[in-house]
Protein chains: 2
Amino acid sequence: MFQITLQQRAASVEALLGNLLSDSPQTGEISRPSRLMAAIRHSVLNGGKRLRPFLVMESAALFKADNLAALRVAAALECIHSYSLVHDDLPAMDNDDLRRGQPTVHRKFDEATAILAGDGLLTYAFELIASEETELDAEARVALIATLARAAGIGGMVGGQALDLEAEKVKPDEQGIIRLQAMKTGALIRFACEAGAIVGRSNFEDRERLAEYGSAIGLAYQLADDLLDVTADASHMGKATGKDAAAGKATLVSMHGIEWTQRQLVGLVAQAEELLAPFGEKAALLKDAARFIAERQS
Amino acid sequence: MFQITLQQRAASVEALLGNLLSDSPQTGEISRPSRLMAAIRHSVLNGGKRLRPFLVMESAALFKADNLAALRVAAALECIHSYSLVHDDLPAMDNDDLRRGQPTVHRKFDEATAILAGDGLLTYAFELIASEETELDAEARVALIATLARAAGIGGMVGGQALDLEAEKVKPDEQGIIRLQAMKTGALIRFACEAGAIVGRSNFEDRERLAEYGSAIGLAYQLADDLLDVTADASHMGKATGKDAAAGKATLVSMHGIEWTQRQLVGLVAQAEELLAPFGEKAALLKDAARFIAERQS
């Protein structure tokens, strides 16, 4: 059931993104350069799992929210996620040639186009949520934008990437690693879950509860990722593995070992389930998502 | 009077940006990495003319708008302008070492930090407008964000930069150059003027009028820039000049010559003044701004 719903949600968001990211300019836009749009589509329409969109939509469904509004917010979040990968893959950053088994944007196009594709996707995410076609009142749209910008920006994902650069020079301690990861990968996953509550106009307590659930699975996501970097092989992942160890990079896995990490993951899944308990059966797929994230093999 | 007001507005926006871009995380942010913030401040707090903020604030003043709200929107726009320069200066783009006589961000820090500083500034612009501290109702904030994202994104500034890359391979015709420039530099200047009307909750007609004024002076800005690239020397500009001709780049100046361009500039100033006529004496400084832009020497 979880896998089927994940795939259905992914197909919906992929279809919407395909429409939105066409060469046709939308209201208020002058024109869309075709090579830039091709680079953007190459980065976004890649058959990804669309985990963050799934979280937005399932969280929104808890509150019987408008499905189309949730889908547009999910698509916007996927634009942010994609831009971060395009810029992260650049030669000056991780210098990756492959992403999901395909050439990265700067390899398939060129570096300048990759920089602009990332900038364009980041900007478009806000255009998409702010648009009147996102059928939510202005209060909800602006709350989503404020929360997303905080999660994605200097005090969230971008800040986490900057901390990651610094960590190459001065190894962070355990608290430093936890903070880095909460910013770099945790903040957007937390946003995904909180966004569903905003789209659903939930009360404050439920919004906080969903955000905390998002933080728990965000941490689980990163621990599972670090674990996979140690245990998986590149062909399975569609990208290079073993990079952390080769780079002498400190992770919680390198610090505490595989068994400790697996125990942590079990604890985080339990925590996520506890946070969702008040929603009862309605939250079954979100509970499955927590387990999926903790146990994922790619 | 114009010069004094321009300097006063610049000082206000510089002071606000200095406060906002400190190392202290704001509500909803986890933490701000100090090196990233130093790079961001290096790019933003550079003693620039702050022409776009001036246009936001003077346009808003036509409608007796809240000054602090206009100042925050002006600061957000300057963050967008600064991010675009940081990314534009990167080795894969224009590869510039100097900006306003100072080392560019990737020269003073490093390329990865410059990419992230740009991403962070772009995201922060939306955080700043969306914040409840921007004392405008949600309708106005979300309208500002939608309009800004369209002006700055794939169908506006970023799209214009992508067209600029394509123009290196296939020289655009006159209409192509006009569209490229309307997107690359015109869209943000148009937004600056339209934003003042949104902050001031003007009627639709006045908002359109201000936007059209913005388009006219945006085109004048670019023509003056192309003219300066031909006529000025590098020490005066604080950046490299003569680059367009050296790169064989087609501009309206290279196509029609200096005298034609000067006549166009006179015409655009007259058009700007005509658009402002209904506002009477209140718009005196905006009329001065049009002349300043058309006649600027640096």
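Lettering of chains follows the sequences in order, A, B, ..., and the numbering in each one begins at 1.
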Enquirer: Who among A138(A), A140(A), G160(A) has the most heavy-atom pairs with chain B under 4.5 Å?
Expert: A138(A)
Enquirer: Sort out for me which of S31(B), S84(B), P91(B) touches chain A most, counting heavy-atom pairs under 4.5 Å.
Expert: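 Going by pairs under 4.5 Å, I would pick S31(B).
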Enquirer: Looking at every heavy atom in both G159(B) and P33(A), which two are closest together, and how far apart are they?
Expert: O-CG, 3.2 Å
Enquirer: Checking an interface table here. Which of residues 112-129 of chain A come within a heavy-atom distance under 4.5 Å of chain B?
Expert: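 Near chain B, by residue number: A112(A), T113(A), I115(A), L116(A), D119(A), G120(A), L122(A), T123(A), Y124(A), F126(A), E127(A).
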Enquirer: By a 4.5 Å heavy-atom criterion (distance strictly below it), what part of M157(A) contacts chain B: side chain, backbone, both, or neither?
Expert: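 Contact with chain B involves no heavy atom of M157(A) at all.
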Enquirer: Between S34(A) and E166(B), what is the shortest heavy-atom contact and its length?
Expert: N-OE2, 4.3 Å
Enquirer: Does E174(B), at its CD atom, have more than 12 non-hydrogen atoms belonging to other residues, nucleotides or ligands within less than 6.0 Å?
Expert: yes
Enquirer: Looking at chain B, which one of D137(A), T27(A), D110(A) has the largest number of heavy-atom pairs inside 4.5 Å, strictly under?
Expert: T27(A)
Enquirer: Near R107(A) CZ, under 6.0 Å, is it more than 12 heavy atoms from other residues, nucleotides or ligands?
Expert: no
Enquirer: Could you tell me which residues in residues 211-219 of chain A have at least one non-hydrogen atom under 4.5 Å from a non-hydrogen atom of chain B, sorted by residue number?
Expert: none
Enquirer: Within residues 142-156 of chain B, which positions have a heavy-atom distance to chain A below 4.5 Å?
Expert: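 So the qualifying residues are V142(B), I145(B), A146(B), A149(B), R150(B), A152(B), G153(B), I154(B), G155(B).
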Enquirer: Return the CD to CE distance between E111(A) and M93(B), rounded to the nearest 0.5 Å.
Expert: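 CE of M93(B) is found 10.5 Å from CD of E111(A).
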Enquirer: Top residue by heavy-atom pair count (under 4.5 Å) with chain B, among L21(A), L90(A), I30(A)?
Expert: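 Looking at each option in turn, the highest pair count goes to I30(A).
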Enquirer: Spell out the residues in residues 177-202 of chain B that have some non-hydrogen atom less than 4.5 Å away from a non-hydrogen atom of chain A, in order of number; otherwise answer 'none'.
Expert: R179(B), A182(B), M183(B)
Enquirer: Check whether I40(B) gets within reach of chain A through its side chain, its backbone, both or neither, counting any heavy atom under 4.5 Å.
Expert: side chain
Enquirer: Does CD in E132(A) sit with more than 12 non-hydrogen atoms of other residues, nucleotides or ligands closer than 6.0 Å?
Expert: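 Open: at most 12 neighbouring heavy atoms sit under 6.0 Å from CD of E132(A).
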Enquirer: Looking at H87(B), H106(B), M37(B), which has the largest count of heavy-atom pairs under 4.5 Å with chain A?
Expert: H87(B)
Enquirer: Would you mind checking which part of L165(B) comes under 4.5 Å of any heavy atom in chain A, side chain (CB onward), backbone (N, CA, C, O), both or neither?
Expert: side chain
